[in-house]
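Since the structure comes first, as structure tokens, the remarks are kept for the end.
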Amino acid sequence: MSETLRIAVIGAGRMGADHIQRLNTRIHGAEVAAVVDVDLARAQAAIEGIPGAVALADAEEALNNGDVNAVLIATPGFLHEDILLKALARDIPILCEKPMTPDAESSWKIVQAEEKLGRKRIQVGFMRRFDAEYAALGDIIQNQELGELLMLHHQHRNPTTPPGFTNEMLINDSVVHEFDAIRFFTGEEITSVQVRLGKATKNAPAGQHDPQHVLIETESGVLADVEIFVNAKYGYEVGTQASFEEGTVSIGGDKGPYTRTAGRWGGNVTPGFEERFGAAYDVEIQAWVDAARRGEIGGPTAWDGYATAACCEAGVEAQKNGEKVAVKLNAKPALYS
Ligand code: ISE
């Protein structure tokens with residue numbers, strides 16, 4: 001193992017702040033060296049109690065800081081491209097939250113820049129791959145324990161959306177996780193996406209059609225569907241039911257405690273993604289740190305970031321025209337095969 005990672009966390013919002021706490025309290029082999037946020041007061045609040053960490057307002061300043069040898073990017077997706085290119089130029093380990101970039105063209109630029117560098121430096125933050133139930137279902141599929149996988153049914157429900165969450169973000173920010181999960185489960189690329197807009201909830205903000213039904217096909221013909229419902233009010237729920245030749249497997253059900261009292265029974269609905277995937281984030285970040293200290297990456301690659309961006313682009317087009325839209329991918333560079 002080489003030196004401790006001294007990480008610059010770029011973006012101290014909801015996800016950035018969560019990762020800063022994680023790095024500072026639960027992750028081994030890494031320390032927060034700098035926190036960057038355009039809102040300097042937010043960066044300063046985020047480094048409170050972290051010895052040796054500095055608060056900055058400019059990502060480039062953090063990347064040029066000699067004390068920084070790794071970067072975790074947790075800004076909104078449209079800000080990732082520039083930071084990724086600068087971090088690649090410094091040739092340091094990078095954990096980039098999803099989406100890698102918001103469109104296929106900019107994601108392809110990142111893939112090309114990394115290919116030119118000649119080694120994988122970017123791990124993309126698709127944390128579901130590190131969830132114990134996702135891993136267990138992945139094993140059942142890979143080992144063909146119930147025969148061939150035929151269909152995947154996904155439910156992705158959020159209680160509410162933050163201000164500025166556009167109709168396209170139902171695909172780019174939320175269904176992007178299912179695009180990656182389907183590629184992870186099947187080991188195949190996605191070939192087409194269709195989006196159907198049915199009856200909408202009155203609880204969605206203006207401009208959002210919610211819920212939406214997304215229909216997906218993979219190379220071998222596995223069919224998948226996603227109910228994306230981002231103003232579901234009651235809480236957070238991410239579930240999958242997989243249909244095989246010899247049975248079905250469901251993951252993502254609510255966990256206990258299950259209580260019976262006063263003539264009622266039940267438990268609590270998970271409030272948000274931090275609680276649902278908290279353990280998966282811990283495993284993901286530790287896997288990245290451990291791999292980075294060996295000069296490797298420990299999870300989804302820039303190619304996964306690019307392929308899911310291409311799915312999102314097809315998904316946003318499909319939202320508009322209701323048609324089945326083909327996913328177009330460039331040839332996979334040897335670095336990722
Ligand atoms: C959010 O950005 C996430 O990544 C969550 O996992 C997802 O459930 C949510 O829909 C996104 O907005």
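Order of appearance sets the numbers: ligands from 1, and atoms from 1 within every ligand.
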(request) Report, as yes or no, whether the 6.0 Å neighbourhood of atom CZ on Arg196 holds more than 12 heavy atoms from other residues, nucleotides or ligands. (result) no

(request) Assert yes or no for the condition that the ring centre distance of His156 to Phe229 is strictly below 6.0 Å. (result) no

(request) Below 4.0 Å from any atom of ligand 1, which residues have a heavy atom? Give them in chain and number order, please. (result) Lys98, Met127, His156, Asn158, Phe165, Asp173, Ser174, His177, Tyr236, Phe273

(message) Between Glu296 and Lys120, does any side-chain N to carboxylate O distance fall below 4.0 Å?
(response) no

(request) Take the angle between the ring planes of Phe277 and Tyr134 and call it parallel below 30°, perpendicular above 60°, tilted in between. (result) perpendicular

(message) Using a 6.0 Å cut-off, check whether atom CD of Glu145 has over 12 heavy atoms from anything other than its own residue.
(response) yes

(request) Going by the side chain to side chain donor-acceptor pair (under 3.5 Å) test, name the single residue among Asn203, Asp210, Asn158, Thr201 that passes it with Asn231. (result) Asp210

